[in-house]
Peer 1: 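Mind having a look at this structure? Questions to follow.
Each chain gets a letter, A, B and so on, in the order the sequences are listed, and its residues count up from 1. Worth knowing before you read on, the calculation uses all heavy atoms, side chains too, and leaves out hydrogens, waters and symmetry mates.
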There are 2 protein chains.
Amino acid sequence: MADTENPSTSDHLRDALDGPWRAVRAEARVQLAGDQFTGDPYLDYHAARARVLEQMRAIASMGYAERGFRRENGGTGEPGEAVVGLEMLAYADLSLWVKSGVQWGLFGGAVENLGTERHRDVVKRLISLDLLGCFAMTESGHGSDVANLETTATYDPQSQEFVVHSPTPSARKDYIGGAAEHAGMAAVFAQLITEGTSQGVHCFLVPIRDEHGADLPGVTTYDDGLKGGLLGVDNGRIVFDQVRIPRENLLNRYADVAPDGTYSSDIENPSRRFFTTLGTLVRGRVSVGGAAAAGARVALSIATRYALKRRQFSDPDSGQETLLLDYRSHQRRLLPLIARSYALAFAQNDLVRRMHLVQTGQDLDPGAQRALEKRAAGLKVAQTGFATRAIQECREACGGAGYLTENRLVTLKADTDVFTTFEGDNVVLTQLVAKELLTAYSDEIRDLDALGWVRFAATMAGDVVRKRSGVRQLIQTLRDRSDDTVDDGDLSRRSVQLQLFADREDYLVRTAGYRLRARAKDTAPFEAFNNAQDHILAAGAAHIDRLILEAFIEGIAGIADPEARELAETVCDLYVYSLLEENQAWFIMHRFMSVERAKAVRRGVNELVDRLRPDALTLVEGMGVPESMLRAALLDDASVFDRISSRTSV
Amino acid sequence: MADTENPSTSDHLRDALDGPWRAVRAEARVQLAGDQFTGDPYLDYHAARARVLEQMRAIASMGYAERGFRRENGGTGEPGEAVVGLEMLAYADLSLWVKSGVQWGLFGGAVENLGTERHRDVVKRLISLDLLGCFAMTESGHGSDVANLETTATYDPQSQEFVVHSPTPSARKDYIGGAAEHAGMAAVFAQLITEGTSQGVHCFLVPIRDEHGADLPGVTTYDDGLKGGLLGVDNGRIVFDQVRIPRENLLNRYADVAPDGTYSSDIENPSRRFFTTLGTLVRGRVSVGGAAAAGARVALSIATRYALKRRQFSDPDSGQETLLLDYRSHQRRLLPLIARSYALAFAQNDLVRRMHLVQTGQDLDPGAQRALEKRAAGLKVAQTGFATRAIQECREACGGAGYLTENRLVTLKADTDVFTTFEGDNVVLTQLVAKELLTAYSDEIRDLDALGWVRFAATMAGDVVRKRSGVRQLIQTLRDRSDDTVDDGDLSRRSVQLQLFADREDYLVRTAGYRLRARAKDTAPFEAFNNAQDHILAAGAAHIDRLILEAFIEGIAGIADPEARELAETVCDLYVYSLLEENQAWFIMHRFMSVERAKAVRRGVNELVDRLRPDALTLVEGMGVPESMLRAALLDDASVFDRISSRTSV
């Protein structure tokens with residue numbers, strides 16, 4: 001497809017969307033194209049899990065695993081490559097992506113980032129799949145509220161062991177990928193208790209199965225059974241009954257327990273210790289968002305290519321049947337989603353780049369880690385929510401064919417469905433983003449309970465929004481670029497668009513703060529917070545939208561080819577206009593947009609889908625999912641497209 | 001649960017929602033409650049299909065099938081009972097509902113309504129399941145565009161047979177429930193050709209399998225294999241190669257071919273004949289909407305009951321963890337969906353009642369059939385679109401637990417997903433509704449191609465909207481009831497609400513007409529239509545919204561118990577406010593709502609969810625899905641709810 005001598009417009013677009021690790025993507029497109037890495041929906045779920053495990057061995061042998069680990073642990077130390085390489089698995093099969101992500105991302109990441117040199121051997125063994133692990137954080141009773149996990153790990157100085165225990169039914173570890181069948185070891189998050197004192201949540205390595213796959217003494221595993229999708233992932237439950245592990249199995253990077261039971265940590269503040277621990281796991285959220293967006297690109301590629309072949313109902317003007325993508329309603333269904341897909345791809349590249357710089361020690365800004373966490377949370381929300389919506393729309397846009405498993409859309413939908421939940425429920429994460437905005441990252445805020453948080457936010461919000469973001473500067477740069485002498489409010493100008501996004505964010509953050517303050521005076525803190533919750537969530541969402549637009553703008557700036565760049569600019573306009581259209585009630589109600597301008601936005605969306613219609617295939621190719629990886633039978637099914645060209649009609 | 005001596009508020013609500021055939025529903029709740037009628041997601045799909053077939057035999061023995069057929073055909077002649085009775089199967093398992101619907105609704109309905117006395121024996125055999133059938137309308141090349149089906153049935157006067165044939169790859173019948181395994185006979189829609197002339201689409205009975213299940217000569221069936229859901233339904237493909245059937249196998253209610261090949265019909269106009277034929281099949285659309293809404297009620301019952309048990313994050317005010325349903329965001333997620341569920345239940349009852357009157361000859365208004373078709377199409381769109389959205393929201397609202405098959409939400413989502421497509425794609429149906437509005441049901445319009453239609457619509461639209469609807473009268477009645485002397489525009493008044501809905505519909509229909517007219521002057525007809533397509537679809541959607549609100553209002557009027565009635569009024573307010581909120585950009589932009597009023601709408605939604613929160617369980621019980629039919633493991637899983645009440649927190 002790609003002619004390296006004479007790259008086409010779609011080649012240029014793909015190159016831009018491939019981002020800093022484009023070489024990894026290019027290699028993966030070749031390596032992963034075969035039948036070997038696809039899922040087989042006809043397998044029994046035990047067989048499907050076994051198949052994925054075999055696929056992982058092939059993936060490991062091709063070097064996908066090492067990238068995520070430091071050299072001293074047997075890796076190559078390229079976290080950006082690791083995330084991008086594994087993301088490409090999502091084009092082949094999302095079960096393969098999830099199970100690989102559990103092994104090397106979550107389990108591996110926990111040992112790599114929370115362990116020390118004494119856990120080096122574990123890392124080496126998990127890279128090679130000599131050791132299969134799982135990441136046992138979530139419990140049946142607590143998923144979002146990690147700080148209140150109930151599993152305990154109580155230190156026994158007599159034997160120099162921790163005793164891992166599930167004290168209540170709700171302490172049961174649940175939904176744990178790998179726990180049902182394959183994992184021999186679990187990275188268990190539990191309340192560390194020593195010398196009679198709980199020190200909060202820490203992570204421990206707990207062997208759970210012997211070499212024959214039988215539960216070890218005190219460990220009982222259960223199979224979560226069938227799920228909405230992800231047939232090849234063996235999610236399960238673990239209950240611990242006084243399971244003893246050596247003292248050294250505490251992953252002791254941030255805290256340790258001496259043989260006599262003395263607890264020590266370099267991070268004195270328990271809350272900061274907790275968040276530092278969780279913060280090292282940010283790669284999971286970065287990855288989930290990326291994989292969800294990749295799944296959406298596959299679905300959009302299938303649905304758009306179908307709409308470029310499938311005809312229905314005669315067009316009296318031409319006498320021919322009309323291509324689906326020539327209907328206005330179908331253009332409005334798919335093209336804005338493609339535009340958002342472009343936006344998210346640029347935003348994800350930017351996020352991975354930032355993550356890479358932080359995790360390789362190249363970004364030493366003290367706030368960088370925390371900013372990264374917020375951005376990762378926000379983009380996880382945006383990308384997973386988008387995937388759910390976009391894949392659903394693609395299924396419907398392919399009609400009955402879209403419902404057949406052989407056409408892959410239903411599997412994509414089912415597999416990605418839980419992405420809005422795992423690695424942080426999207427509502428909870430949006431709230432997390434908003435809280436950071438409202439409190440301007442104040443360090444002390446993470447210590448506060450809801451009471452303190454509401455009081456704090458009420459005093460802080462509003463003054464800080466614009467100061468800390470580079471958005472003003474970017475708006476000025478855009479104005480300079482386009483030689484605008486005055487800002488006349490022309491909505492087609494990027495600076496005006498970005499200003500609108502920033503205005504919405506600022507206003508929502510500021511007013512959420514006022515609202516909390518007003519409420520905090522006369523109601524209990526939870527009620528004050530809860531009454532403003534929809535407002536707070538809107539502030540978080542507006543922030544995420546603005547970040548994505550900025551990333552899109554920066555991404556376009558990196559496209560050298562003028563034709564590709566112009567096309568990307570139009571795609572960006574469609575992203576902006578369709579987002580403004582979705583939120584136009586808000587913009588009008590808060591006087592950021594006149595009614596006339598709102599009507600122009602609606603017309604603008606129609607004009608933009610018209611303008612982009614001829615480039616639909618170019619845009620699909622630019623998204624970078626190779627045709628060989630689409631694997632949707634309908635695209636090659638002559639029965640769906642070939643017909644006698646003229647027929648009598650009633 | 002229900003104490004017949006002292007009915008509770010939820011009993012009264014359930015009674016109201018149960019509608020005219022409440023006795024059928026009450027009986028079904030008892031009959032269908034056992035394990036016998038549930039699906040088993042762990043079965044291989046062949047076994048799942050066999051299981052459903054066995055379940056159908058039990059259903060048939062309980063009299064569910066006879067209701068839909070006339071006495072002379074061996075039935076009891078109660079179409080309303082038939083639709084409602086089968087709808088109750090959806091609470092147990094949607095595969096059972098679909099496969100039953102194919103047999104008795106689609107296949108049975110075709111023979112019953114398009115056949116004559118010579119097909120009586122077929123009807124009797126299909127009622128008892130002595131004969132299994134399928135409904136072979138859709139082809140791989142044509143689903144929405146039924147008039148252009150490619151399968152031919154060519155009459156051969158020599159042998160007095162029709163020759164059924166698939167002349168092209170795209171003529172293959174596809175997605176046909178029953179075609180993969182069980183059906184022995186197909187009701188095949190094909191172009192009837194006799195004496196060298198095509199007479200348009202007619203329906204023929206074609207035996208496809210022998211008693212051993214082998215394809216008959218000239219028939220080749222294929223299995224569509226796995227789908228997004230509906231594991232127990234054997235969808236497949238059929239290709240005909242010059243298959244000969246007796247002349248008498250034409251379902252000849254509206255047209256016949258004499259032994260010598262002479263074609264005759266009481267309906268001279270071929271277009272009217274075609275639409276009369278399709279019109280008799282309206283029960284399918286009525287049923288699909290009802291079953292989708294039933295699936296949504298199951299999901300909402302599960303998610304809301306879960307939200308009333310599941311806690312997460314401590315509330316500093318109480319020291320306890322907070323119930324999910326006490327969060328504003330969760331209330332906003334679920335309660336407006338419950339309100340819409342109530343609205344749709346009333347609308348569905350009204351629709352079934354109208355269908356029953358038409359189909360039992362009690363409504364002799366010449367326009368009644370056509371009005372019924374439009375209403376059925378509109379409510380099919382509303383209910384199936386709602387089910388897709390609501391069940392998705394319920395899955396997400398139950399987090400990781402929602403993703404486990406044992407908690408049923410993913411199965412409900414997967415099974416109902418195709419409901420937006422089958423029995424008419426929702427976009428196409430919305431357009432059908434809008435076209436009827438724009439052309440005021442003019443009879444000639446159905447003959448017109450796009451060219452003629454656009455020209456016609458341009459002249460008609462606008463003048464007729466208000467005249468033909470009873471909405472003015474209802475608004476006046478509402479004003480009288482509430483003793484409003486003046487209409488002061490108070491949004492809490494039902495008359496004002498309904499006026500807003502009617503204004504939106506009128507405006508959209510009228511302006512769509514103007515827009516077509518303006519365009520028709522200077523562009524080709526398809527382009528004129530296509531440029532206004534989003535506008536036309538909005539007009540259809542607004543009409544559907546208004547019909548549903550009217551049905552809600554009428555439904556409430558039938559509730560005698562004052563407490564239940566007052567609660568239903570609040571639920572209706574929430575339905576109205578949340579719908580106004582969704583469309584507030586439109587209302588503001590078209591000057592039907594001031595910015596201040598729009599803000600009041602948003603506050604109103606918050607106030608209403610607050611007010612309804614204490615009644616959440618009552619509302620769930622009122623929806624009428626018995627607890628015994630929910631079958632979601634999480635509702636009885638102590639691990640999800642029981643925990644030590646206080647714990648140290650970091």
Peer 1: Does any heavy atom of chain A fall under 4.5 Å from the side chain of B:Ser318, the backbone, both, or neither of them?
Peer 2: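 When you check distances to chain A, no heavy atom of B:Ser318 falls under 4.5 Å.
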Peer 1: Could you look at B:Ala598 and say if it's the side chain, the backbone, both or neither that has a heavy atom under 4.5 Å from chain A?
Peer 2: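 Both backbone and side chain.
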Peer 1: At a heavy-atom separation under 4.5 Å, does B:Thr388 approach chain A through its side chain, its backbone, both, or neither?
Peer 2: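 For B:Thr388, the side chain is the part near chain A, not the backbone.
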Peer 1: Side chain from CB out, backbone as N, CA, C, O: work out which of these in B:Arg237 comes under 4.5 Å of a heavy atom of chain A, or both, or neither.
Peer 2: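 Just its side chain gets close to chain A.
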Peer 1: Quick check against the 3.5 Å criterion: does A:Tyr403 have a side-chain atom that pairs as donor or acceptor with the backbone of B:Gly229?
Peer 2: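 Such a contact is found between A:Tyr403 side chain and B:Gly229 backbone.
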Peer 1: Give, as side chain, backbone, both or neither, the part of B:Tyr327 having an atom under 4.5 angstrom from any heavy atom of chain A.
Peer 2: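 Both backbone and side chain.
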Peer 1: Heavy atoms only: give me the nearest B:Ser329-A:Val427 pair and the separation to one decimal.
Peer 2: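 Smallest heavy-atom distance, with atoms named: OG-CG1, 3.9 Å.
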Peer 1: With ring centroids as reference points, do A:Tyr45 and B:Tyr42 lie under 6.0 angstrom apart?
Peer 2: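 So the answer is yes for these two rings.
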Peer 1: Please classify the contact between A:Asp44 and chain B as side chain, backbone, both or neither, with a heavy-atom cut-off of under 4.5 Å.
Peer 2: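 Neither; nothing under 4.5 Å.
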Peer 1: Look only at the side chain of B:Gln312 and the backbone of A:Gly141, and say whether a donor-acceptor pair between them is shorter than 3.5 Å.
Peer 2: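 At least one qualifying donor-acceptor pair exists.
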Peer 1: Please state whether the side chain, the backbone, both or neither of B:Glu581 comes within less than 4.5 Å of a heavy atom of chain A.
Peer 2: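 For B:Glu581, neither part sits under 4.5 Å from chain A.
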Peer 1: For B:Leu537, is it the side chain, the backbone, both or neither that has a heavy atom under 4.5 Å from a heavy atom of chain A?
Peer 2: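 Side chain only.
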Peer 1: Side chain, backbone, both or neither: which part of A:Asn606 has a non-hydrogen atom closer than 4.5 Å to chain B?
Peer 2: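 The side chain, not the backbone.
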Peer 1: How would you list, by chain and number, every residue that makes a side chain to side chain contact (heavy atoms under 4.5 Å, CB included) with A:Val428, sequence neighbours excluded?
Peer 2: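 Result, side chain to side chain contact (heavy atoms under 4.5 Å, CB included) vs A:Val428: A:Ser144, A:Asp425, B:Phe313.
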